Amino acid sequence: MSAMIEWLPYNAHPFKLGSNFDWLVYNVPDGLWSFSFMSFLLIACRNDRPATRKLCLAFGSILMIGVEVAQGIYIPGTYDHLDVLATVAGMGLSYLFAAPFIAPIARFA
């Protein structure tokens, strides 16, 4: 019984998925993070002028992609080109899904 318990953590780890599903564990969280951050920016900037809104969204996009690229250059971290792809996909999906539904709030004067 003792040999079975010692063997189990090394060979039957619950998060050991294999190479086919590694993207699900490592890249999807980056895509979800960028989706939620871009959705937040879209909601937070919906009442701003169009130039201000574009500047805010551009800053957010540069920040998200910059953090991923900086992990490969300056910041200690795990840079992966699929993380950059997941970040860009999350931002794009956020814009596609959220932008048509976010109308500016009517201001009552």
Side-chain angles (χ1 to χ4, degrees):
M1 184 72 167
S2 175
M4 181 72 135
I5 293 173
E6 291 176 6
W7 175 82
L8 188 61
Y10 299 109
N11 294 327
H13 195 275
F15 296 112
K16 188 174 184 178
L17 298 173
S19 62
N20 292 338
F21 297 102
D22 283 347
W23 62 272
L24 186 65
V25 175
Y26 298 111
N27 303 117
V28 169
D30 288 328
L32 292 174
W33 176 80
S34 64
F35 180 87
S36 63
F37 186 66
M38 187 59 75
S39 297
F40 167 76
L41 289 177
L42 284 168
I43 292 169
C45 298
R46 68 180 169 201
N47 291 327
D48 294 340
R49 291 180 292 168
T52 306
R53 188 179 316 127
K54 288 178 185 177
L55 182 66
C56 184
L57 295 176
F59 175 72
S61 301
I62 291 169
L63 177 71
M64 287 186 282
I65 294 172
V67 166
E68 291 298 329
V69 172
Q71 285 181 2
I73 300 171
Y74 302 111
I75 301 172
T78 56
Y79 172 76
D80 185 13
H81 62 279
L82 291 177
D83 285 343
V84 176
L85 181 66
T87 300
V88 171
M91 290 185 310
L93 288 174
S94 172
Y95 188 76
L96 286 176
F97 287 139
F101 300 108
I102 298 174
I105 297 174
R107 294 185 179 160
F108 299 102

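Owing to the predicted nature of the structure, the values given are computational and were not obtained by experimental measurement.
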Item checked: Verify same cluster id: L63, L85 (apolar side-chain graph, 4.5 Å) -> no

Checklist line | Closest non-hydrogen atom pair between C56 and L41, with its separation | finding: SG-CD2, 3.8 Å

Can you give me every donor-acceptor pair (side chain of residues 64-74, partner residue at least two apart or in another chain, under 3.5 Å) with its distance?
none

Note to self: Just to verify, what does N27 make a side-chain hydrogen bond (donor to acceptor under 3.5 Å, both in side chains) with, not counting sequence neighbours?
What the structure shows: D80, D83

Next item on the list: May I ask you to list the residues sharing a hydrophobic cluster with L55, side-chain cutoff 4.5 Å, ordered by chain and number?
Entry: none

Check: So which residues get pulled into L93's cluster when ILVMFWY side chains under 4.5 Å apart are joined, directly or through others?
Finding: F35, F97

Notebook entry, point to check: What pairs with S36 under side-chain contact (heavy atoms from CB on, under 4.5 Å), at least two apart in sequence or on another chain?
Noted result: none

Notebook entry, point to check: Yes or no on side-chain contact (heavy atoms from CB on, under 4.5 Å) for L57 and R53, after CA distance, side-chain angles and deciding distance?
Noted result: CA-CA 6 Å; L57 295 176; R53 188 179 316 127; 4.2 Å; yes

Notebook entry, point to check: Between M91 and S34, what is the shortest heavy-atom contact and its length?
Noted result: N-OG, 3.7 Å

Margin query: For S39, give me all partners under side-chain hydrogen bond (donor to acceptor under 3.5 Å, both in side chains), at least two apart in sequence or on another chain.
Written below: S94

Margin query: According to a hydrophobic-cluster definition based on side-chain heavy atoms being under 4.5 Å apart (Ile, Leu, Val, Met, Phe, Trp, Tyr only), do M38 and F59 belong together?
Written below: no

Item checked: ring-ring contact (aromatic ring centres under 6.0 Å, His included) involving F37 - partner list, sequence neighbours excluded -> W33

Check: Side-chain heavy atoms under 4.5 angstrom apart, residues restricted to Ile, Leu, Val, Met, Phe, Trp, Tyr: same cluster for L24 and L32?
Finding: yes

Notebook entry, point to check: Does some side-chain heavy atom of C45 sit less than 4.5 Å from a side-chain heavy atom of K54?
Noted result: no

